[in-house]
Protein chains: 2
Amino acid sequence: MKQSKKQRVTLQEVALHAGVSTSTASLVVRNNPRISEATRKKVLNSINELGYVYDRVAANMRSRSSDIVGVIVTDISNSFISEFLIGVQSTLEALGYTVLLGTTFDSVSKQDHLLSTMIEHRVDGLILNPVSKSSEKTVSQLNKIEIPKVLANRELANVNSDYVGIDYTTGALMAVNHLIEKGHKRIAFLGGIKQSSTWTERIRGFHIAHDIAGLKVDESLIIDIEPNRKGGLEAILKVLENDHPPTAVFCFNDLVAFGVIKGLAMNGVILGQDIDVVGFDNIPESELYHPPLTTVSSFPRSIGIKAANLLYNRMNNESSELQRLILKPELIIRETSKK
Amino acid sequence: MKQSKKQRVTLQEVALHAGVSTSTASLVVRNNPRISEATRKKVLNSINELGYVYDRVAANMRSRSSDIVGVIVTDISNSFISEFLIGVQSTLEALGYTVLLGTTFDSVSKQDHLLSTMIEHRVDGLILNPVSKSSEKTVSQLNKIEIPKVLANRELANVNSDYVGIDYTTGALMAVNHLIEKGHKRIAFLGGIKQSSTWTERIRGFHIAHDIAGLKVDESLIIDIEPNRKGGLEAILKVLENDHPPTAVFCFNDLVAFGVIKGLAMNGVILGQDIDVVGFDNIPESELYHPPLTTVSSFPRSIGIKAANLLYNRMNNESSELQRLILKPELIIRETSKK
DNA sequence: CTGAAAGCGCTTACAG
DNA sequence: CTGAAAGCGCTTACAG
């Protein structure tokens with residue numbers, strides 16, 4: 001209670017109080033085994049009595065490390081991202097790291113700024129879920145960063161780093177195949193930003209599925225737009241005005257699908273009867289939606305866990321080869337495309 | 001390109017290169033206006049040439065501050081929390097702070113651990129969304145922390161700190177009133193943890209509404225359970241087995257409501273006809289749900305913004321009086337309780 | 001407007 | 001097993 005409001009107790013004061021050297025006190029704090037039990041107890045006692053709190057900033061300063069990992073994501077309000085973040089966070093915390101969080105809201109300039117900030121804070125490592133339209137400048141900035149880093153969810157050409165994501169092409173292929181097998185011939189692809197690898201990989205799967213079935217892709221049924229509810233709503237309204245509207249919609253992600261479903265309801269189009277819809281990501285809402293959404297599961301939490309583990313390895317073993325982890329997606333058939 | 005992989009360039013090296021003292025270089029880096037234009041340019045040139053990166057860890061060490069704010073939340077996968085976090089994050093970032101994030105998953109021990117970690121990292125301030133069952137130990141730990149702090153969303157008795165949240169009692173009152181006005185006499189209250197202020201405040205509103213209308217509360221229609229989809233599902237299944245099942249359900253939050261709706265569908269009970277449902281929080285999914293959910297809007301993003309601003313004031317003006325900001329909720333009537 | 005010296009609170013070699 | 005000295009890379013007073 002005599003603890004004054006002014007300053008923290010320092011390790012030096014602890015050492016003085018315990019009658020040992022600062023070095024010894026430091027070794028005790030860090031649980032170094034070469035300290036005798038007696039000394040350890042003395043020091044721990046003093047720590048308790050004085051109410052000492054370890055100063056990681058000072059420790060990190062000297063040891064030229066930090067227990068901090070920078071994590072930069074595009075948007076926490078997307079469940080895919082928040083699930084990813086949970087995977088990253090819980091894994092890193094279990095490994096003894098703390099997360100310095102940055103959110104870009106898909107803005108390149110915010111991303112640039114956050115990257116600088118994180119470096120200035122001397123993070124031990126970096127996990128980056130890049131924005132859709134990452135520039136060349138971003139790429140060169142990233143390559144300059146001499147800190148272990150892992151890219152996730154969106155791949156950037158020419159960046160020297162580990163990567164974890166899922167196989168979007170196969171996911172799209174499975175989804176569109178499913179729709180084709182149900183007899184659909186006019187399938188729309190709505191949402192997503194063309195400049196992003198997550199879009200180009202999906203469109204590849206979209207085309208492959210059409211090719212295999214000997215079907216033509218109608219470019220007027222492909223609309224790229226922000227991948228959220230609003231974008232989905234806008235896109236479906238546009239596509240419904242087409243002379244030959246689609247009979248099925250493959251959505252960039254579940255959020256887009258929700259917007260699409262909303263738009264269909266507004267136009268009196270009956271889901272699962274007049275039109276089928278498939279999403280992507282399998283966010284928790286997709287299962288409980290009414291009707292439950294057919295979607296492609298992309299395991300964001302697993303991606304987060306793997307990204308954190310990859311980074312951990314990289315932080316402890318700089319020289320190992322760059323890794324590229326691509327998870328297999330899974331088609332989950334629910335009501336929006338049944339029978 | 002001659003930048004070696006070994007060490008960061010230091011301010012001292014910059015100063016040497018520019019032919020000025022380290023102090024001067026330091027002042028330039030911090031944009032101190034009392035440096036002449038000529039000197040400033042020389043230093044900035046050297047910074048560019050050498051590829052100098054500011055070391056905030058060292059700066060913070062010496063200046064005894066950090067530009068870091070610790071933010072501890074219960075669970076990012078709840079949209080209410082992620083929206084809150086977005087408000088906090090974007091506000092703090094705009095003010096020049098970076099967020100050190102911790103997630104408790106509603107576990108007291110995790111919360112204790114995270115609090116310690118944040119203090120050790122010498123955060124400038126702390127925003128805490130406490131776990132449901134925060135212990136006395138937590139309270140005393142919090143009171144010991146001599147760092148500006150703001151509590152959010154859940155109030156803790158006897159903690160000396162600012163608080164931002166919404167008026168849960170009034171919110172519950174409005175929701176239940178609405179149901180009573182529709183003629184309901186047997187209203188269930190499902191979800192939430194009894195030990196939490198967020199529960200007790202809601203139940204108070206629940207009772208007040210009944211009292212005003214001269215209605216009796218049936219305790220068997222009140223089930224406390226984890227406030228998520230799974231909890232909602234379990235609770236409604238239990239309550240449907242009641243000899244006199246309720247004709248309306250007031251849910252602890254929207255997540256619980258989604259679980260409830262799922263359970264109703266499983267039992268062939270028709271929403272809006274056999275039974276009415278009201279949620280709480282107005283998370284984005286509630287509007288796009290089918291049918292759209294009647295709910296109480298609790299403006300999580302605004303809470304986050306206000307919490308960040310309160311903390312900012314506190315960090316810059318330690319002596320001002322403790323504040324308690326209670327936002328007014330708003331009833332949003334949608335399909336699950338229409339006509 | 002600029003500089004020399006000391007210090008933030010630890011850890012790191014090194015010595016014994 | 002323990003200690004004395006130096007140093008991590010900045011900023012802070014102070015002097016001029």
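Labels below follow one simple rule: chain letters A, B, ... track the order of the sequence lines, proteins then strands, and each chain is numbered from 1. What you see below is based on every heavy atom in this structure, not just the backbone, and it leaves out hydrogens, waters and symmetry mates. Remember, it's a predicted structure, so these values are computed and weren't measured experimentally.
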Can [X] and [Y] be counted as having a side-chain donor-acceptor contact under 3.5 angstrom?
X: B:R154; Y: B:T198; answer: yes
X: B:S46; Y: B:E49; answer: no
X: A:Q89; Y: B:T103; answer: yes

Rounded to whole Å, please give me the gap between [atom1] in [X] and [atom2] in [N].
X: B:L11; N: D:dT11; atom1: CG; atom2: P; result: 7 Å
X: A:E120; N: D:dG9; atom1: CD; atom2: P; result: 16 Å
X: A:N60; N: C:dC10; atom1: CG; atom2: C1'; result: 10 Å
X: B:Y52; N: D:dC10; atom1: OH; atom2: C1'; result: 7 Å
X: A:R122; N: D:dC8; atom1: CZ; atom2: C1'; result: 7 Å
X: A:E13; N: C:dG9; atom1: CD; atom2: P; result: 8 Å
X: B:M61; N: C:dG9; atom1: CE; atom2: C1'; result: 4 Å
X: A:R8; N: C:dC10; atom1: CZ; atom2: P; result: 8 Å

Tell me whether B:E155 is salt-bridged to B:R324, with the criterion being a basic N under 4.0 Å from an acidic carboxylate O. yes
Decide, yes or no, whether a salt bridge links B:R314 with B:D162 under the criterion of side-chain N to carboxylate O below 4.0 Å. yes
Non-neighbouring partners of A:D75 that pass salt bridge (Lys or Arg N to Asp or Glu O under 4.0 Å), sequence neighbours left out: none
Give the nucleotide from the list [options] with an atom nearest to the side chain of [X].
X: A:T10; options: D:dT11, C:dG9, C:dT11; result: C:dG9
X: A:S63; options: D:dT11, C:dC8, C:dT11; result: C:dT11
X: B:R30; options: D:dT11, C:dC10, D:dG9; result: D:dT11
X: B:R62; options: C:dC10, C:dT11, D:dG9; result: D:dG9
X: B:R64; options: C:dC10, C:dC8, D:dG9; result: C:dC8

Between protein and nucleotides 1-4 of chain C, what N or O pairs are separated by less than 3.5 Å?
residue : atom : partner : partner atom : Å
C:dT2   : OP1  : B:S36   : OG           : 3.1
C:dT2   : OP1  : B:T39   : OG1          : 2.3
C:dT2   : OP2  : B:S36   : N            : 3.1
C:dT2   : OP2  : B:T39   : OG1          : 3.3
C:dG3   : OP2  : B:S21   : N            : 2.9
C:dG3   : OP2  : B:S21   : OG           : 3.2
C:dG3   : OP2  : B:T24   : OG1          : 2.7
C:dA4   : N6   : B:S23   : OG           : 2.6

For D:dA4, which nucleotide is its Watson-Crick or G-U wobble mate, given both distances must be under 3.5 Å? none
Using purine N1 to pyrimidine N3 plus N6-O4 or O6-N4 for Watson-Crick, or N1-O2 and O6-N3 for G-U wobble, each under 3.5 Å, what pairs with C:dA13? none
Would the number of heavy atoms belonging to other residues, nucleotides or ligands and lying under 6.0 Å from CG of B:N48 be above 12? yes
